[in-house]
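Quick notes on the structure that follows.
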Amino acid sequence: MSVLRRAKTWEISESEDSDTDSKKGLNCDESRHTAAVSSKEDIKEDIKEDIKENIKEDIKEDIKEDIKEEKTSDHKCLKSCKSARTSLSPPRRDAREGTPSPARKRRSKEEIEADRERTRERKEERERQRTARAREKEGRRQEQQRRREAAENLKSLRPENCLKCLTVCIDPALLQQDGTDILLDTLVSLDWWFSVESQQQLPHSITWTRDLPQVVDGKNTVEEEQVVLVLDLTVFMDMVISVKTMLDSGEEDTVTGSVLSPVLECLNRDAKKVVTLLVMDSQTHYRAGSHFLSKTLHSQLGMESMDMEEVLVYLQLCKNISVVFLGDWQEVTSHVCAVTKALSKRPFKLLTEQAELPFCVDGSWASGARVERDGSGLMQVWSKQIQQLNRVSPAVASAVTAAYPSPQLLLQVYQSLSTEEERKGLLAGLLVKSGGKERRVGPDISARVYRCFTAQNPQLVLD
């Protein structure tokens with residue numbers, strides 16, 4: 001800023017001086033040399049160039065002087081800072097005159113070993129804690145995995161989900177009969193799985209298979225025990241004749257070659273199979289069942305109704321074969337759908353029946369009490385047991401349980417009394433408080449409680 005100000009002031013003064021000098025010189029030249037060869041314009045140009053050169057030289061000199069002044073000022077500042085720092089700092093001691101540092105105390109071998117032992121114990125403790133945390137974390141993860149698998153397994157066993165795992169297997173020989181399209185159309189409309197497979201063991205039969213959620217013994221499917229065998233009425237009549245002949249002769253070889261022969265072979269291979277014979281005929285007089293069938297057998301073959309009943313009882317009790325008389329394929333389709341729905345509900349029912357008391361579900365309900373492992377809840381069970389008697393209110397049960405907290409205590413008091421009348425009237429004088437009123441238990445309820453806990457006759461009426 002100082003350079004610029006100086007340049008401006010100098011330029012103004014220099015220009016004025018130059019203008020005065022030029023004016024003086026011109027006056028002198030005009031006065032002395034009137035016939036000068038140079039004109040006024042040339043003189044002006046020369047004057048301007050001289051002024052510019054002078055200004056540039058003066059500016060350069062001023063800049064150099066300012067730079068020198070700044071350097072000198074910076075040098076002085078540095079010297080002043082160093083002097084101040086040296087004046088504030090304390091005087092240094094000579095290394096030779098200073099006191100030596102105290103010697104470090106050397107540890108013994110026992111101390112070193114003790115430190116190493118403590119370090120090793122801390123390290124082992126950290127490792128044990130880390131291992132325990134990892135084991136606990138792994139246990140939680142496995143428990144969550146088990147719970148997740150159990151929930152998924154339980155979900156898959158529900159009837160609506162289990163129905164998706166069932167497949168209805170139909171023998172191709174049945175499709176040759178009129179009306180089988182009703183069965184296929186119904187299965188398609190219900191969105192159920194079905195397959196047409198040759199049933200070599202039992203021709204004209206319908207079976208079911210279930211897909212397992214996990215592979216068991218190298219198998220992912222299992223065959224259900226239910227088997228439905230669709231027979232025509234004439235075929236069934238021939239089977240009845242062969243069974244009656246076998247019963248009369250006492251030899252099972254007589255049924256060889258009949259329709260019943262493959263059924264018996266299937267039952268011999270797997271005794272758990274449950275076979276149902278669907279006897280189908282579209283004629284009106286056969287739809288009523290075995291009554292009209294017995295008349296037909298009597299008229300055509302000379303068999304009595306007792307003979308027919310004997311054959312049906314033998315098939316039901318001895319061979320576990322049920323016989324159902326149906327009219328057409330619509331009824332057969334309804335029966336197949338009913339069996340399929342029953343099979344879908346079966347796994348969930350088997351799961352609920354695995355408990356020790358299937359009728360006593362886990363949780364609280366209207367007329368039950370939950371007993372914990374520590375025994376809490378037994379008093380409520382004792383009170384509920386007394387309330388099962390007729391005309392015994394919760395207030396009366398509370399009075400009895402307050403006086404005798406357990407059934408064993410009540411039985412001990414009964415045994416300590418000598419006469420029957422004292423035992424019957426033991427609870428009659430207990431005070432019952434209900435609704436702000438007080439009353440007694442009474443001899444009636446007392447006698448019924450006594451008979452309930454001491455009677456030997458299971459058919460005894462308490463009231």
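Just so we're clear, the structure is a prediction, and the values are computed from it rather than from any experiment. Note that these values count all heavy atoms, side chains included, but never hydrogens, waters or copies made by symmetry. In this chain, residues are counted from 1 in sequence order.
- In summary, K424 and E421 do not engage in a salt bridge, as defined by a charged side-chain N under 4.0 Å from a carboxylate O.
- Between N390 and R448, some side-chain heavy-atom pair lies under the 4.5 Å cut-off.
- Donor-acceptor pairing under 3.5 Å is recorded for the side chains of S322 and Q316.
- Donor-acceptor pairing under 3.5 Å is recorded for the side chains of S383 and Q387.
- D181 is not listed as a side-chain neighbour of L184, based on a closest heavy-atom distance of 4.5 Å or more.
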Between R141 and E138, is a salt bridge (charged side-chain N to carboxylate O under 4.0 Å, His left out) present by the stated rule, with each step listed? CA-CA 5 Å; R141 189 188 65 79; E138 181 66 19; 2.4 Å; yes
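- Considering Q142, R147, E149 as possible partners of Q145, the one that fulfils the side chain to side chain donor-acceptor pair (under 3.5 Å) test is E149.
- Using a 4.0 Å cut-off between charged side-chain N and carboxylate O, R391 and D444 make a salt bridge.
- In terms of heavy atoms, F348 sits closest to P159 at CB-CD, 4.5 Å.
- Contact check for L277 versus M239: side-chain heavy atoms found under the 4.5 Å cut-off.
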Using the rule given for salt bridge (charged side-chain N to carboxylate O under 4.0 Å, His left out), can you reason through R140 versus E136, listing the C-alpha separation, both sets of side-chain angles and the distance that settles it, and then say yes or no? CA-CA 6 Å; R140 289 196 302 267; E136 184 179 358; 3.2 Å; yes
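- The OG1 atom of T401 lies 10.5 Å from the CD atom of Q380; values are rounded to the nearest 0.5 Å.
- In D178, the CG atom is not crowded: 12 or fewer heavy atoms of neighbouring residues, nucleotides or ligands sit closer than 6.0 Å.
- With salt bridges taken as basic N to acidic carboxylate O contacts below 4.0 Å, one links R146 and E143.
- A distance of 13.0 Å separates CD1 in I445 from SG in C452, rounded to the nearest 0.5 Å.
- S446 places a side-chain N or O within donor-acceptor distance of the main-chain N or O of L427, the cut-off being under 3.5 Å.
- To the nearest 0.5 Å, the span separating OG1 on T333 from CG on L187 amounts to 7.5 Å.
- When side chains are defined from C-beta on, L212 counts as touching V222, because their heavy atoms get closer than 4.5 Å.
- A salt bridge is absent between E125 and R130; no separation between the charged side-chain nitrogens and carboxylate oxygens falls under 4.0 Å.
- Each of V396, L431, L430 was compared with R440 under the side-chain contact (heavy atoms from CB on, under 4.5 Å) criterion, and only L431 meets it.
- A distance of 9.5 Å separates CD1 of I206 from CG of L229, quoted to the nearest 0.5 Å.
- The CG atom of L312 sits 5.5 Å away from the CD atom of E309 when rounded to the nearest 0.5 Å.
- No side-chain donor-acceptor contact under 3.5 Å links T180 and W329.
- When ring centroids are compared, Y414 and F453 stay outside the 6.0 Å threshold.
- Using a 4.5 Å cut-off on side-chain heavy atoms (C-beta onward), L175 and V196 make contact.
- Using a 4.0 Å cut-off between charged side-chain N and carboxylate O, R148 and E152 make no salt bridge.
- The backbone N or O of Q199 sits less than 3.5 Å from a side-chain atom of D171, completing a donor-acceptor pair.
- Side-chain contact between I170 and S195 is absent, with no heavy atoms from C-beta onward closer than 4.5 Å.
- Residues L326 and E331 approach most closely at CA-OE1, 3.3 Å, considering heavy atoms.
- Taking all atoms of both residues into account, the shortest heavy-atom contact from S416 to V413 is OG-O, 2.6 Å.
- Using a 4.5 Å heavy-atom threshold, the side chains of R423 and T454 count as separate.
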For E438 and V432, run side-chain contact (heavy atoms from CB on, under 4.5 Å): C-alpha distance rounded to whole Å, both residues' side-chain angles, the deciding distance at 0.1 Å, then the answer. CA-CA 6 Å; E438 294 183 356; V432 180; over 6 Å; no
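- M280 has its side chain out of reach of L231: every pair of non-hydrogen atoms, C-beta onward, lies at least 4.5 Å apart.
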Check against side-chain contact (heavy atoms from CB on, under 4.5 Å), F236 and L278: CA-CA 9 Å; F236 178 72; L278 300 183; over 6 Å; no
As a quick check of understanding, evaluate side-chain contact (heavy atoms from CB on, under 4.5 Å) for K273 and E223, giving each step before the final call. CA-CA 10 Å; K273 290 290 184 180; E223 188 175 355; 3.3 Å; yes
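- When all heavy atoms of V227 and S205 are compared, the closest pair comes out as CG1-CB, 4.3 Å.
- Between R346 and E225 there is a salt bridge, with a side-chain nitrogen of the basic residue lying less than 4.0 Å from a carboxylate oxygen of the acidic one.
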Where do V339 and V336 land on the side-chain contact (heavy atoms from CB on, under 4.5 Å) test, with the steps shown first? CA-CA 5 Å; V339 174; V336 172; 5.8 Å; no
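- Nearest heavy atom pair, residue H204 against residue A173, reads NE2-CB, 3.8 Å.
- Once rounded to the nearest 0.5 Å, the distance linking CD of E224 with OG1 of T209 reads 8.0 Å.
- Each of W208, W193, W192 was scored for a side-chain contact (heavy atoms from CB on, under 4.5 Å) with T167, with one residue passing: W193.
- Considering all non-hydrogen atoms of both residues, C162 and S344 come closest at CB-O, 3.6 Å.
- By the 6.0 Å contact criterion, CG on D191 is open, its count of non-hydrogen atoms from other residues, nucleotides or ligands being 12 or less.
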